[in-house]
Protein chains: 2
Amino acid sequence: MTEATPARRRPPTIHDVAREAGISRGTVSRVLQGGHNVSPEALKAVNAAIRKTGYVVNRHARSLVTQRSDSVAFLLTEPQTRFFEDPNFNQLLRGCTTALAKHDIPLLLMIAGTEEERRRIGRYITSGHVDGVLLVSSHSGNPMVELLDEARMPVVACGKPLGHTSTTPYVAADDNEGARAMVRYLLGTGRRRIATITGPLDTPGGVDRLNGYRETLAEAGLPQDPALVAEGDYSRAGGEAAMTALLAAAPDLDAVFVASDLMADGALAALEQAGRRVPEDVAVGGFDDSTIAANTRPALTTVRQPWDRISAEMVRVLQSLIAGEPPASVILPTELIVRASA
Amino acid sequence: MTEATPARRRPPTIHDVAREAGISRGTVSRVLQGGHNVSPEALKAVNAAIRKTGYVVNRHARSLVTQRSDSVAFLLTEPQTRFFEDPNFNQLLRGCTTALAKHDIPLLLMIAGTEEERRRIGRYITSGHVDGVLLVSSHSGNPMVELLDEARMPVVACGKPLGHTSTTPYVAADDNEGARAMVRYLLGTGRRRIATITGPLDTPGGVDRLNGYRETLAEAGLPQDPALVAEGDYSRAGGEAAMTALLAAAPDLDAVFVASDLMADGALAALEQAGRRVPEDVAVGGFDDSTIAANTRPALTTVRQPWDRISAEMVRVLQSLIAGEPPASVILPTELIVRASA
DNA sequence: CTGAAAGCGCTTACAG
DNA sequence: CTGAAAGCGCTTACAG
């Protein structure tokens with residue numbers, strides 16, 4: 001209150017740099033673009049002038065002429081609570097932010113929870129305020145997918161978007177093979193009555209992991225018993241409920257493959273409640289290797305999703321899309337992490 | 001691959017709207033600014049033209065002349081892993097995103113984990129690419145605080161920044177009173193050997209909650225026993241370790257006030273390990289009322305931080321700062337949530 | 001390799 | 001209340 005607040009000075013412009021370097025603004029700009037067609041002396045003078053003036057490019061001015069925003073939206077379309085409780089979400093968000101930062105591209109976080117938000121965000125995105133979209137949504141029939149597709153927006157999804165005619169490129173872990181690895185491991189430890197708690201069956205992780213489970217049992221010559229399959233919703237409470245249901249339907253189960261760590265944590269609670277020891281009576285395998293996996297009791301044997309690679313690939317694919325290259329999806333291998341629960 | 005990709009059409013400009021409405025671009029712009037000094041007929045014609053053309057303002061062009069970016073940075077300066085595991089972080093991030101969205105202001109997520117990131121982000125922010133900063137950092141001596149202060153950047157912190165000469169405005173829950181309410185509650189249930197697991201003592205939540213604990217015991221005429229105080233680090237593992245240490249130092253404790261739910265969850269594990277029943281032998285009180293509080297066993301009695309209000313207030317204060325109003329911090333009341341653990 | 005100039009899409013005094 | 005015009009800070013053909 002006592003000190004006068006000096007107005008923030010206007011930052012130096014390309015004009016200041018040009019004057020300082022004693023050359024034209026066009027040449028300064030050329031240096032900024034990579035220094036092609038610029039003499040070594042000019043290059044040197046400009047760089048010195050930039051350092052001296054503390055020049056930083058004005059992105060608005062640049063964007064106005066290039067018609068690119070050099071920014072990217074990270075768009076959440078899931079019902080809000082779900083994803084904001086999911087430890088995977090944080091890893092993905094952090095990974096994408098970091099990967100983009102390396103290219104000096106800011107990430108705009110957008111949450112399209114309500115219909116109104118969807119409209120506003122749709123308008124914002126399709127008006128050229130971002131160059132592309134990192135799309136996070138797992139449930140099928142997401143209206144944003146169609147909208148973005150029609151607007152010809154470069155989009156890459158996290159996980160294969162289900163229930164669309166459009167073919168949005170995506171990046172995902174190999175859900176099927178991850179599930180197979182886990183079930184093979186459980187079989188290898190002598191388990192024969194292996195149950196599963198799936199993710200929602202309108203999500204790729206729900207479907208593909210269930211298929212991996214089924215195929216592996218079939219290959220081992222084991223029967224498909226409907227009593228051994230329960231659908232969860234990726235929440236802890238959902239995992240607990242599903243486990244309770246499984247114990248009622250198939251009291252003789254000796255293992256359970258759970259399609260997410262969070263649900264597995266809930267399953268552990270249900271098993272404890274039922275007086276089953278883990279892993280002695282029932283082996284429990286999770287999926288994700290999220291931050292909670294090492295903290296469950298017992299610590300969770302699980303399938304690691306390579307979130308660092310997933311987010312890095314999402315950014316890479318999106319940038320290639322923005323550059324006009326044709327789309328391509330990528331599937332990344334998972335890794336079995338053995339701890340105490342199986 | 002088979003279909004030709006039509007180039008994205010250039011969006012309509014203010015010029016298209018003006019032509020459509022049969023008036024000048026200046027008047028269109030005035031309508032966009034709120035419609036002051038515009039005749040009802042012109043207003044109507046412009047609005048119709050906007051609808052017809054599907055016009056959306058080009059923010060880059062606008063920012064270029066207004067020298068404002070109409071965007072805000074959400075800046076994380078904590079060692080990355082810490083905050084990305086903290087359930088509070090998600091609530092804060094979601095709340096801020098939603099509150100800003102109502103003003104049509106995008107949130108740019110920035111993570112300043114490494115020294116290099118700090119430098120790059122500092123340059124980005126102080127170059128006018130954002131109008132203000134929502135700062136998340138709890139540990140004292142954060143170098144970004146000084147930097148932003150020198151650059152005269154509008155910034156509001158989540159929680160009082162410690163160890164700075166600058167007086168960055170902040171928004172926080174009433175940590176002291178929240179701790180008092182919990183300890184009073186524990187006293188009210190007859191507990192007399194009440195321990196505490198604090199947050200890091202270079203964070204406001206660490207200090208203020210400890211003070212609230214101490215003051216309440218003193219007011220009740222109880223002695224201050226150093227054996228009843230252990231410092232945690234806001235992590236689950238830290239809570240577990242601290243609880244184990246407390247049990248060794250003060251085996252007769254009958255309650256523990258833990259400065260975060262995550263640490264309380266760890267404390268519950270340690271208590272179970274030690275064969276102490278909760279709440280019969282030891283009452284456990286947490287802090288935050290984060291998403292995990294209802295899922296611990298037993299469910300956690302805790303102090304709710306009003307994250308929705310905190311994030312809404314952070315956005316409000318930041319906007320008033322951007323508008324040139326003088327700074328003001330705000331302290332929000334907490335609420336005691338009684339569940340099963342105490 | 002370099003400079004002069006046009007233009008990106010807006011806002012905002014300034015006259016009227 | 002309205003239009004003409006200047007200008008925000010860049011990039012990019014175009015000549016040379």
Side-chain angles (χ1 to χ4, degrees), chain A residues 7-47 49-50 53-71 104 124 126-129 131, chain B residues 7-47 49-50 53-71 104 123-124 126-131:
Chain A
R8 260 181 290 156
R9 249 192 341 208
R10 280 218 169 177
T13 72
I14 208 174
H15 189 244
D16 301 314
V17 176
R19 193 174 36 204
E20 178 70 33
I23 42 89
S24 77
R25 284 146 49 197
T27 300
V28 174
S29 182
R30 269 172 224 119
V31 171
L32 261 29
Q33 305 309 312
H36 307 300
N37 294 350
V38 174
S39 68
E41 307 88 69
L43 186 68
K44 218 173 120 189
V46 169
N47 281 139
I50 287 176
T53 56
Y55 172 77
V56 176
V57 69
N58 181 322
R59 289 172 172 241
H60 299 304
R62 171 181 286 174
S63 291
L64 186 54
V65 14
T66 60
Q67 302 284 320
R68 283 181 298 107
S69 71
D70 291 320
S71 66
D104 222 45
Y124 187 91
T126 58
S127 302
H129 294 316
D131 297 335
Chain B
R8 261 181 289 155
R9 248 191 344 207
R10 279 216 171 179
T13 73
I14 207 174
H15 189 244
D16 301 314
V17 175
R19 192 174 36 206
E20 178 69 32
I23 43 89
S24 76
R25 285 146 50 198
T27 300
V28 174
S29 182
R30 269 171 225 120
V31 171
L32 260 30
Q33 303 311 310
H36 307 301
N37 295 351
V38 174
S39 67
E41 307 86 70
L43 186 68
K44 220 173 119 187
V46 169
N47 281 139
I50 286 175
T53 55
Y55 172 77
V56 177
V57 68
N58 180 322
R59 291 172 170 241
H60 300 304
R62 170 181 286 173
S63 291
L64 186 55
V65 14
T66 60
Q67 302 284 318
R68 282 181 299 109
S69 71
D70 290 319
S71 66
D104 222 47
R123 206 171 347 127
Y124 187 90
T126 59
S127 303
H129 294 316
V130 297
D131 296 336

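No hydrogens, no waters, no symmetry mates; every other heavy atom, side chains included, goes into these values. In what follows, chains carry the letters A, B, and so on, assigned in the order in which the sequence lines appear, proteins first and then strands, with residues in each chain numbered from 1.
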*Asks:* Between A/Ala49 and A/Glu20, what is the shortest heavy-atom contact and its length?
*Replies:*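 In this case the closest contact between A/Ala49 and A/Glu20 is CB-CG, 3.5 Å.
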
*Asks:* Which value, rounded to the nearest 0.5 Å, describes the distance between B/Asn47 atom CG and B/Leu32 atom CG?
*Replies:*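 One finds 9.0 Å between CG of B/Asn47 and CG of B/Leu32.
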
*Asks:* Shortest non-hydrogen contact from B/Tyr124 to B/Val130?
*Replies:*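 Between these two residues, the closest heavy atoms are CE2-CG1, 4.4 Å.
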
*Asks:* Quick check against the 3.5 Å criterion: does A/Ser127 have a side-chain atom that pairs as donor or acceptor with the backbone of A/His129?
*Replies:*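 Not a single qualifying donor-acceptor pair exists.
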
*Asks:* Do any N or O atoms from the side chain of A/Ser69 and from the backbone of A/Asp131 form a donor-acceptor pair under 3.5 angstrom?
*Replies:*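 Here the side-chain-to-backbone pair exists.
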
*Asks:* Chain A on DNA chain C: first and last contacting nucleotide, 5' to 3', under 4.0 Å to a heavy atom?
*Replies:*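 Terminal contacting nucleotides, 5' to 3': C/dC1 to C/dG9.
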
*Asks:* Quick test of your reading: applying side chain to side chain donor-acceptor pair (under 3.5 Å), list the pairs with at least one residue in residues 31-46 of chain B, sequence neighbours left out, ordered by first then second residue.
*Replies:*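 Every candidate side chain to side chain donor-acceptor pair (under 3.5 Å) pair involving residues 31-46 of chain B fails, so no pair, neighbours aside, qualifies.
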
*Asks:* Ignoring hydrogens, what is the shortest heavy-atom contact between B/Pro12 and B/Thr53? Give both atom names and the distance.
*Replies:*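 Looks like CG-O, 3.2 Å.
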
*Asks:* Just to verify, what does B/Arg19 make a salt bridge (charged side-chain N to carboxylate O under 4.0 Å, His left out) with, not counting sequence neighbours?
*Replies:*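 So B/Arg19 forms a salt bridge (charged side-chain N to carboxylate O under 4.0 Å, His left out) with B/Asp16.
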
*Asks:* Got a sec? Which of residues 22-31 of chain A come in under 4.0 Å of DNA chain C, heavy atoms?
*Replies:*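 Result for residues 22-31 of chain A: A/Ile23, A/Ser24, A/Thr27, A/Arg30, sorted by number.
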
*Asks:* Do A/Asp104 and A/Asp70 come within less than 4.5 Å of each other through their side chains, counting heavy atoms only?
*Replies:*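 Sidechains of A/Asp70 and A/Asp104: no contact.
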
*Asks:* First locate atom CZ of A/Arg59, then atom NE2 of B/His60, and finally report the distance between them rounded to the nearest 0.5 Å.
*Replies:*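 Reported value, rounded in 0.5 Å steps: 10.0 Å.
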
*Asks:* Contact list please: residues 57-64 of chain A against DNA chain C, heavy atoms, distance less than 4.0 Å, in numerical order.
*Replies:*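 Heavy-atom cutoff 4.0 Å gives A/Leu64.
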
*Asks:* Check whether any side-chain heavy atom of B/Pro11 sits under 4.5 Å from a side-chain heavy atom of B/Val56, and report yes or no.
*Replies:*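 Not touching, per the 4.5 Å side-chain cut-off.
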
*Asks:* Taking all atoms of both residues into account, what is the closest heavy-atom pair of A/Val17 and A/Val46, and its distance?
*Replies:*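 Reported closest heavy-atom pair: CG1-O, 4.1 Å.
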
*Asks:* Between D/dT12 and D/dG16, how many Å separate the two C1' atoms, rounded to a whole number?
*Replies:*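 Roughly 16 Å separates the two C1' atoms.
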
*Asks:* What stems, by residue range, does DNA chain C take part in, given at least 3 consecutive Watson-Crick or G-U pairs under 3.5 Å?
*Replies:*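 Output for stems: C:1-3 with D:14-16, C:5-12 with D:5-12, C:14-16 with D:1-3.
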
